[in-house]
Amino acid sequence: MAKKVLVVDDEPSIVTLLKFNLEQAGFEVLTASDGNEGYDTARKEKLDVIILDLMLPGMDGMDVCKQLRLGKINTPILMLTAKSDELDKILGLELGADDYITKPFSPREVVARVKAILRRAETKTEEETAEAIKVGDLRILPEQFEAYFKEKKLELTPKEFELLLYLANHAGKVLSRDQLLNAVWNFDFAGDTRIVDVHISHLREKMEEDTKQPQYIKTVRGFGYKMEVM
């Protein structure tokens, strides 16, 4: 069965371009031309990926992303932004977007990003399918896509879960931002490591008692991060 992608953008030329290229790649494509329609479709349909423009009539992309995450809809979101909207990119990631791509973009790159998102969701290594992974008060159930901290379930986006799982599977090892970017986001090209920093920050907010002095996810200055063995 073809994977279902929702494209939310108010520019007909972009919608037509993405729809054509995604369908050529074997995806089923739904479209919406404003934020309200996109939000309603995302709630009603069983989607695999959402491609969401930042600037939309009605609800903007930021609000759509925020409301979907508040509603426990964790479908991966690839956000489309203008090249100059640096702050908006970071805010989008903080609200739960999994990735962003700047306009103008290559349709082939968008298809590659969508495939990378799905590849990570579908491909489980033997290591990832272990019964349960425990690091101190953190317990991860890979097959259920669930994580608990002090037996309280963590509400994580798909990318946050994948990042936490990778860190836990490599507890005690220092991992560079590039390693994490390649392992979790599956980028086959030069990516933006700030994506990693934003998601690390989000994880800390959900499981660290003091985010300024984290006990589990430690920063290794000038290199990357390490999940502390507790």
Side-chain angles (χ1 to χ4, degrees), residues 3-11 14-15 18 29-103 105 110 113-114 116-118 120-121 145-149 152-165 180-181 184-185 191-208 211 214 217:
K3 297 294 184 182
K4 192 179 292 187
V5 179
L6 171 64
V7 176
V8 188
D9 199 299
D10 63 330
E11 295 184 52
I14 289 180
V15 172
L18 289 177
V29 182
L30 303 179
T31 64
S33 58
D34 62 56
N36 293 321
E37 183 186 3
Y39 176 68
D40 289 339
T41 303
R43 290 178 60 223
K44 293 173 183 175
E45 296 284 342
K46 186 172 176 59
L47 302 168
D48 295 288
V49 179
I50 300 168
I51 299 175
L52 179 65
D53 188 32
L54 183 65
M55 301 300 294
L56 292 167
M59 293 173 68
D60 64 20
M62 237 30 124
D63 285 336
V64 173
C65 182
K66 181 179 179 180
Q67 292 304 316
L68 289 175
R69 295 307 186 229
L70 287 173
K72 312 302 181 189
I73 296 173
N74 289 322
T75 306
I77 294 174
L78 172 61
M79 189 166 278
L80 306 179
T81 72
K83 199 161 189 175
S84 60
D85 294 334
E86 192 65 34
L87 179 60
D88 288 335
K89 296 171 191 173
I90 301 301
L91 286 174
L93 292 170
E94 288 179 342
L95 289 172
D98 296 271
D99 193 7
Y100 67 81
I101 192 166
T102 56
K103 296 180 179 180
F105 52 76
V110 174
R113 295 277 187 110
V114 170
I117 288 170
L118 291 170
R120 283 301 304 170
F145 290 94
E146 294 178 353
Y148 296 83
F149 185 69
K152 179 182 178 181
K153 186 176 180 180
L154 299 176
E155 297 296 339
L156 304 174
T157 67
K159 273 292 175 284
E160 289 168 1
F161 180 85
E162 290 169 24
L163 178 58
L164 184 62
L165 178 60
L180 293 169
L181 189 68
V184 176
W185 281 264
D192 189 340
T193 56
R194 284 169 297 182
I195 294 175
V196 177
D197 296 334
V198 170
H199 281 73
I200 290 286
S201 176
H202 226 177
L203 284 176
R204 283 173 170 165
E205 289 173 1
K206 294 179 178 182
M207 58 178 285
E208 298 281 5
T211 57
I217 305 175

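No hydrogens, no waters, no symmetry mates; every other heavy atom, side chains included, goes into these values.
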Check your understanding: Yes or no on side-chain contact (heavy atoms from CB on, under 4.5 Å) for Ile50 and Val64, after CA distance, side-chain angles and deciding distance?
Key -> CA-CA 11 Å; Ile50 300 168; Val64 173; over 6 Å; no

Point to revise | Full working for side-chain contact (heavy atoms from CB on, under 4.5 Å) between Val5 and Ile51 | key: CA-CA 7 Å; Val5 179; Ile51 299 175; 3.9 Å; yes

Practice item. Please test Leu156 against Leu203 for side-chain contact (heavy atoms from CB on, under 4.5 Å), starting from the C-alpha separation and ending with a verdict. Key: CA-CA 8 Å; Leu156 304 174; Leu203 284 176; 3.8 Å; yes

Practice item. Please report the C-alpha distance between Leu163 and His202 in whole Å, then the side-chain angles of each, then the deciding distance to 0.1 Å, and finally whether the side-chain contact (heavy atoms from CB on, under 4.5 Å) criterion is met. Key: CA-CA 11 Å; Leu163 178 58; His202 226 177; over 6 Å; no

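The distance from the NZ atom of Lys159 to the CD1 atom of Ile117 is 5.5 Å, given to the nearest 0.5 Å. Of the inter-residue distances, the one linking Glu160 atom CD with Glu155 atom CD reads 10.5 Å to the nearest 0.5 angstrom. In this structure, CZ on Phe105 lies 9.0 Å from CG on Leu78, to the nearest 0.5 angstrom. A distance of 10.0 Å separates CG of Leu181 from CG of Asp197, quoted to the nearest 0.5 Å. With values rounded to the nearest 0.5 angstrom, Ile200 atom CD1 is found 13.0 Å from Ile195 atom CD1. Atom CG of Leu68 and atom CG of Asn74 lie 9.5 Å apart (nearest 0.5 Å).
Between Val110 and Leu18, the closest side-chain pair of non-hydrogen atoms falls below 4.5 Å. At least one side-chain heavy atom of Leu47 sits less than 4.5 Å from a side-chain heavy atom of Leu30. Between Leu70 and Gln67, the closest side-chain pair of non-hydrogen atoms falls below 4.5 Å.
Residues Ile217 and Arg204 approach most closely at O-NH2, 2.7 Å, considering heavy atoms. Nearest heavy atoms, Arg113 versus Asp99: NH1-OD2, 2.8 Å. Smallest separation of non-hydrogen atoms from Gly61 and Met79: O-CE, 3.9 Å. Counting all heavy atoms, side chain and backbone alike, Leu56 lies closest to Met59 at CB-O, 3.5 Å. Taking all atoms of both residues into account, the shortest heavy-atom contact from Pro57 to Ser33 is CG-O, 3.9 Å. Residues Cys65 and Ala97 share a closest heavy-atom pair of SG-N, 3.5 Å.
Ring orientation note: the planes of His199 and Trp185 are nearly perpendicular, at an angle over 60° on the 30°/60° scale.
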Taking only distance into account, with no hydrogens and no angle test, what donor-acceptor pairs under 3.5 Å do side-chain atoms of residues 39-46 form with protein atoms, sequence neighbours excluded?
{"unit_1": "Thr41", "atom_1": "OG1", "unit_2": "Glu37", "atom_2": "O", "d": "2.8"}
{"unit_1": "Glu45", "atom_1": "OE1", "unit_2": "Lys4", "atom_2": "NZ", "d": "3.1"}

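Residues passing the salt bridge (Lys or Arg N to Asp or Glu O under 4.0 Å) test with Glu146 are Lys153, sequence neighbours excluded. Residues meeting the salt bridge (Lys or Arg N to Asp or Glu O under 4.0 Å) test with Asp34, sequence neighbours left out: none. With sequence neighbours excluded, no residue satisfies side-chain hydrogen bond (donor to acceptor under 3.5 Å, both in side chains) with Asp48. For Thr31, there are no side-chain hydrogen bond (donor to acceptor under 3.5 Å, both in side chains) partners, not counting sequence neighbours.
Among residues at least two apart or in separate chains, salt bridge (charged side-chain N to carboxylate O under 4.0 Å, His left out) pairs with a member in residues 52-79 are Asp53-Lys103, Arg69-Asp98.
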